[in-house]
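Only a predicted model underlies this, so the values are computations on that prediction, with no experimental measurement involved.
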Protein chains: 2
Amino acid sequence: MLSLHQLRCFLATLEHGSFTAAAGALGYAQPSISEQVRLLEQQLDTTLFRRVGRGLVPTEAARALQPHASAALAAVAEAGRAVASVRELLTGTVRFGVFRTARFYLAADLVADVLQRHPGVRVELVGQNSAEVLEHLRKGRLEAAVIALPVEDENMVVTPVLRDELVYVSADPARLHARITPADLAAAQLVLPDASWRETDTTRRQLAQAVQRTGHPLRPRIEVEDTETALEIAARGLADTVTWRGVLHGLADRLPAGLGWAPLRPAMYETFAVVHREGELSPASRVVVDLVTARMRGLDRAMRARTG
Amino acid sequence: MLSLHQLRCFLATLEHGSFTAAAGALGYAQPSISEQVRLLEQQLDTTLFRRVGRGLVPTEAARALQPHASAALAAVAEAGRAVASVRELLTGTVRFGVFRTARFYLAADLVADVLQRHPGVRVELVGQNSAEVLEHLRKGRLEAAVIALPVEDENMVVTPVLRDELVYVSADPARLHARITPADLAAAQLVLPDASWRETDTTRRQLAQAVQRTGHPLRPRIEVEDTETALEIAARGLADTVTWRGVLHGLADRLPAGLGWAPLRPAMYETFAVVHREGELSPASRVVVDLVTARMRGLDRAMRARTG
DNA sequence: GCTGTCCACAGGAATCTCCTATAGATCGGT
DNA sequence: ACCGATCTATAGGAGATTCCTGTGGACAGC
């Protein structure tokens, strides 16, 4: 089968006009080039050079071959550059899995960080839900992610980065007494997010378990998809809701006006962790993993400081 | 160094989603494909597939590589086709050497023959003079040619195809007596062609030798470059000239009106031969050589018939 | 004619390629 | 929770291929 090496030898011969000169240019011995060209001629079933006297004269076939040989070599060189540029994070796509509400913790800032360091890359932050993201990790469709624990998979490297606390959110200061118990939750008019994921969502399951221990089911009055809508509804006084302190912290002044919050007792925590498969991480993922770890840990410290 | 084989294996793996399937498609054993891809990854210093479970997942680098790998393989395939199309005489240039006045013997008809059989090819008929063409043959710049003998080169295959006779041409019937001798030539007002090539042209040298044996030099009154101009001048009665019967035969009704001719005594002959280097002839040259040989031999027979 | 240069060829060492066989890992189904 | 099917990784060895050195022959220029 035709080989690049043969084409290289051919082009060098064509350019330098002799096997000897081509060999010199390519750093081989003359018979090696001679042999490669002979092989090429054999495989193409044609004569590329007429051997006349002590010189070579390219045939019409050689002239026909030249541009295509060059094109093939150029394509291969270009291939190398393309791969290198992905490897060096100059181009390509950086894909990273996130839990659904991650946008309140880091989204825009994280993307800004990545883009600033690697202006040519595309960034994809994918994920609707921690369980779904974990499945993507297992199947290899994602290399790394930040999701809520637990992650029961011994092949995954799990690095906890932030512990967050669930809080009760209401527009009515009267309902924000010091300690909200599961019984209070069972009695409250609640709006909860993650309508589609309520079966697998870890927060929802924690909440349901705690309430069920009081003998009542967790039956939210309203269910919506996203956290911001739930908060909006709570702000209008239509229902109360629960959310993570980190979300409130992240929203800060974008939080709908009039909302207050109170801790749950017993407290309910969720731990977020950076997760990836064992083994080498690609440089792209490494970058994002490090950035996310740093940001989330910073957030963790900031939030603990406000508590303590 | 990156090889086409590696790229082939890579693309097959990408397309079929596994080494095993790629091996099946390419007709190799699985470890062979695996090894080639591993080598490629090593040479590109990147991971092309994440080995996850019993499957493979292409990385961003793989996606970056794919189009260039395809391009390289396409270029090589195209190279093969280009060479084949030259080999099969579908495209390319057919180059053939001719003596200067060959156009009177075959030019247009020969080109028509070649183009009819091989509509895609370009045709080049090159040559100002037999000696110059022979030099091109020696240097390998031409593969084959039809030129005037003698050819003193033992490496050339010489196939005589036509013997032509020099005749005296004049517009004055009085000067066309049966036998024109060298002495007549020495005395005549002559217009001769091949001004630039008079030193090497075989016809001119033959003529010069014959005239010199009479004790006079050959001193044409007029010298021009091409035969047609010489005949034109002769037709106007400004001078007489000599030319080959084949030229008159070839010009036929395009011969300037009023010209007649007479044989020389002793007769002077020129033999034209198809000449090429020893060894394989390219298919393109083979075709032209055969066509020229057939046409010239046919012409030879026709002219001998008119004499006899 | 002599010398330097270039191609072709031969023989052998090193490398590469590709195979078979097998081990290890995983997934799906029972 | 186990089993069989499936896929990758690895080892080892046979066979090609590559590339070298050395040499012979042909040609060009002095």
Side-chain angles (χ1 to χ4, degrees), chain A residues 1-10 12-14 16-43 47-59 62 135 137-141 152-156 277-280, chain B residues 1-10 12-43 47-59 62 135 137-141 153-156 277-280:
Chain A
M1 200 52 180
L2 236 65
S3 85
L4 285 177
H5 185 48
Q6 289 164 1
L7 295 181
R8 248 189 298 277
C9 293
F10 162 72
T13 304
L14 200 60
H16 294 96
S18 81
F19 290 150
T20 303
L26 294 179
Y28 290 105
Q30 167 261 317
S32 305
I33 307 298
S34 179
E35 183 179 12
Q36 293 302 320
V37 172
R38 191 160 38 73
L39 243 47
L40 187 59
E41 290 181 318
Q42 187 180 310
Q43 281 158 357
T47 305
L48 293 171
F49 297 97
R50 275 196 291 283
R51 277 69 167 175
V52 35
R54 68 181 194 189
L56 300 180
V57 179
T59 63
E135 190 54 26
L137 283 171
R138 281 218 187 81
K139 292 270 169 68
R141 291 191 289 259
E152 282 139 354
D153 190 321
E154 55 188 9
N155 295 330
M156 295 289 171
R277 306 178 64 85
E278 285 178 333
E280 275 294 294
Chain B
M1 199 55 183
L2 236 62
S3 85
L4 284 178
H5 185 47
Q6 289 164 2
L7 296 181
R8 248 190 298 275
C9 291
F10 161 73
T13 304
L14 199 61
E15 181 184 350
H16 293 95
S18 83
F19 290 152
T20 305
L26 294 179
Y28 290 105
Q30 167 263 316
S32 304
I33 307 298
S34 181
E35 183 180 12
Q36 292 303 318
V37 171
R38 191 160 41 72
L39 279 171
L40 188 58
E41 289 181 318
Q42 187 181 310
Q43 281 158 357
T47 306
L48 293 171
F49 297 97
R50 276 196 293 282
R51 275 68 166 176
V52 36
R54 70 182 188 186
L56 300 179
V57 180
T59 63
E135 192 54 25
L137 282 172
R138 280 216 189 81
K139 290 270 169 67
R141 291 190 291 260
D153 190 322
E154 55 190 12
N155 295 328
M156 294 290 172
R277 304 178 66 84
E278 283 178 337
E280 274 295 293

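- The B:Gln30 side chain lies nearest to D:dA9 when the options are C:dC6, D:dC19, D:dA9.
- If you measure from atom CZ of B:Arg50 to atom C1' of D:dT8, you get 16 Å, rounded to the nearest angstrom.
- Taking atom CZ of A:Phe49 as the reference point, atom C1' of C:dC6 lies 14 Å away to the nearest angstrom.
- Side-chain contact between B:Thr59 and B:Arg50: present, with at least one pair of heavy atoms (C-beta onward) separated by less than 4.5 Å.
- Taking the six-membered ring where tryptophan is involved, the planes of B:Phe49 and B:Phe10 are tilted, since the angle between them lies from 30° to 60°.
- The side chain of A:His5 contributes an N or O atom lying less than 4.0 Å from OP1 or OP2 of D:dC19.
- Regarding A:Met1, its CE atom lies at a distance of 14 Å from the P atom of D:dT17, rounded to whole Å.
- A donor and an acceptor atom never sit less than 3.5 Å apart when one is taken from the side chain of B:Glu35 and the other from the base of D:dA9.
- In this structure, the CZ atom of B:Arg38 is 20 Å from the P atom of D:dC7, given to the nearest Å.
- Contact annotation for A:Ile33: no contact, since no heavy-atom pair falls under 4.0 Å across all strands.
- Here the side chains of A:His5 and B:Met1 are not in contact, with every heavy-atom distance at 4.5 Å or above.
- Here A:Gln36 reaches the OP1 or OP2 of D:dC19: one of its side-chain N or O atoms lies under 4.0 Å away.
- Between B:Arg51 and D:dA9 there is a side-chain polar atom (N or O) within less than 4.0 angstrom of OP1 or OP2.
- Between A:Ser32 and B:Arg277, the residue anchored closer to the 5' end of DNA chain D is A:Ser32, taking for each the nucleotide with the nearest heavy atom.
- The pair B:Glu135-B:Arg138 meets the salt-bridge criterion, since a charged nitrogen lies less than 4.0 angstrom from a carboxylate oxygen.
- Annotation: side chain of B:Gln36 is not in contact with side chain of B:Leu40 (no heavy-atom distance under 4.5 Å).
- Residue contacts for A:Leu26: at a heavy-atom cut-off of 4.0 Å it reaches no nucleic acid atom on any strand shown.
- The side chain of A:Ala29 lies closest to D:dC20, out of D:dC20, C:dC7, D:dC7.
- For the pair A:Lys139 and B:Ser3, nearest-nucleotide mapping onto DNA chain C gives the more 5' position to B:Ser3.
- Atom pair B:Gln42:CD and C:dC16:P shows a separation of 10 Å (rounding to whole Å applied).
- With rounding to whole Å, A:Glu278 atom CD is found 15 Å from C:dT26 atom C1'.
- Counting non-hydrogen atoms under 4.0 angstrom, A:Ser34 reaches the backbone sugars and phosphates but no base.
- Atom OH in A:Tyr28 sits about 17 Å away from atom C1' in D:dT21, given to the nearest Å.
- Take the nearest nucleotide of DNA chain C for B:Gly27 and for A:Arg138: the residue whose nucleotide is more 5' is B:Gly27.
- Contact between the side-chain N/O atoms of A:Thr20 and the OP1/OP2 oxygens of C:dC7 is found at a separation under 4.0 Å.
- With DNA chain D read from its 5' end, the first of the two nearest nucleotides for A:Gln6 and A:Val52 is the one closest to A:Gln6.
- Here C:dC7 presents its P atom at 13 Å from CD of A:Glu41, a figure rounded to the nearest Å.
- B:Leu48 approaches B:Glu41 most closely through the heavy-atom pair N-OE2, 2.7 Å.
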